[in-house]
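In what follows, every chain begins at residue 1, and chains take the letters A, B, ... in the order their sequences are listed. Keep in mind the model is a prediction, meaning the values are calculated, not measured.
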Amino acid sequence: DVKVTQSSRYLVKRTGEKVFLECVQDMDHENMFWYRQDPGLGLRLIYFSYDVKMKEKGDIPEGYSVSREKKERFSLILESASTNQTSMYLCASSLGPKGTQYFGPGTRLLVL
Amino acid sequence: AQSVTQPDIHITVSEGASLELRCNYSYGATPYLFWYVQSPGQGLQLLLKYFSGDTLVQGIKGFEAEFKRSQSSFNLRKPSVHWSDAAEYFCAVGAPGGGADGLTFGKGTHLIIQP
């Protein structure tokens, strides 16, 4: 079974802090994705990566950056956390470019 | 760009009754179609997917979905729901061809099961 893990289930940070969310997949998938999920808005794509050191902006990249130094790991970075970044963050990976995405359990981030 | 509409924000069904969750998409050709389920506090789990071929797709947990090209729909069904089916359900669309750019998700339907 594909396993996607995220470094934290719950995280509390202060406004202005730099925040790192990490995601690791164990199935050698080329593609990895970061979404945020908010009530009434569903899932929105922040960034994705189709190869090591490659990244593409999704629908809502503002205020975020990503890093993919190794194939199995995809990090989401909030350079200076703000309260409007309080959300559930979901990481996913897929083998093919349009294929089935497998999701991690999510990180619920609260920015105070 | 593709889009997905799940017209029902909440649906309440009695345990043992049948279920249909609606999903409509907007895309110029036949997209890849997915249904995911999310239990409270959890990530998303794939229920089923459609890429091509038979338009009636069987998934896990007794769910099925039917792709109807003429209606641009991919509705999810289950003949008899169980209390454990209470969750959030998401329909998603992927555009075949081109590079990876993620899936487009609907806003979700919250399923409530009445005893």
Side-chain angles (χ1 to χ4, degrees), chain A residues 1-6 8-10 21 23-25 27 29-52 54-61 66 68 74 88-108, chain B residues 1-10 21-25 27-52 57 59-60 65 74 87-110:
Chain A
D1 275 354
V2 176
K3 189 157 187 184
V4 180
T5 56
Q6 296 184 227
S8 305
R9 292 299 303 273
Y10 301 94
L21 303 182
C23 174
V24 178
Q25 50 95 3
M27 284 301 293
H29 285 173
E30 289 92 3
N31 307 288
M32 297 188 74
F33 307 85
W34 275 107
Y35 296 89
R36 67 177 280 177
Q37 181 181 17
D38 301 288
L41 297 178
L43 276 73
R44 293 178 291 167
L45 182 65
I46 305 172
Y47 267 97
F48 64 96
S49 168
Y50 52 89
D51 201 353
V52 175
M54 305 303 289
K55 60 186 179 185
E56 292 286 343
K57 293 179 180 179
D59 299 319
I60 52 163
V66 290
R68 192 162 181 206
F74 191 35
M88 172 75 130
Y89 290 87
L90 292 166
C91 175
S93 72
S94 71
L95 181 59
K98 307 292 182 175
T100 302
Q101 292 188 14
Y102 297 89
F103 284 81
T107 296
R108 191 168 293 281
Chain B
Q2 63 266 28
S3 65
V4 180
T5 302
Q6 293 180 247
D8 303 304
I9 299 173
H10 301 279
L21 301 182
R22 295 183 291 163
C23 173
N24 292 96
Y25 67 89
Y27 182 64
T30 299
Y32 297 155
L33 295 159
F34 306 82
W35 273 101
Y36 285 87
V37 61
Q38 184 181 35
S39 297
Q42 302 298 315
L44 276 68
Q45 181 184 19
L46 179 70
L47 284 175
L48 47 78
K49 60 188 177 187
Y50 173 80
F51 285 2
S52 65
V57 180
I60 62 171
F74 189 57
E88 191 87 14
Y89 290 80
F90 292 94
C91 181
V93 165
D101 58 2
L103 301 178
T104 300
F105 285 82
K107 290 183 167 52
T109 297
H110 184 59

For A/R108, all residues meeting salt bridge (Lys or Arg N to Asp or Glu O under 4.0 Å), sequence neighbours excluded: none
Parallel, tilted or perpendicular, as decided by the 30° and 60° cut-offs, for the rings of B/H10 and B/H110: perpendicular
For A/R44, is it the side chain, the backbone, both or neither that has a heavy atom under 4.5 Å from a heavy atom of chain B? neither
Sort B/E88 into side chain, backbone, both or neither according to what part of it lies under 4.5 angstrom from a heavy atom of chain A. neither
Looking only at A/Q37, A/M88, A/K57, the option with the highest number of non-hydrogen pairs under 4.5 Å against chain B is A/Q37
Need one label for A/Q6: side chain, backbone, both or neither, based on atoms under 4.5 Å from any heavy atom in chain B. neither
What part of A/L43 lies closer than 4.5 angstrom to a heavy atom of chain B: side chain, backbone, both or neither? both
Return the set of residues passing salt bridge (Lys or Arg N to Asp or Glu O under 4.0 Å) with A/R68 (not counting sequence neighbours), or none when no residue passes. none
Tell me, side chain or backbone of B/L46 under 4.5 Å from chain A's heavy atoms, or both, or neither? side chain
Indicate the ring-plane relationship of A/F74 and A/W34, choosing parallel, tilted or perpendicular according to the 30° and 60° boundaries. tilted
Parallel, tilted or perpendicular: rings of B/F34 and B/F51 (30°, 60°): perpendicular
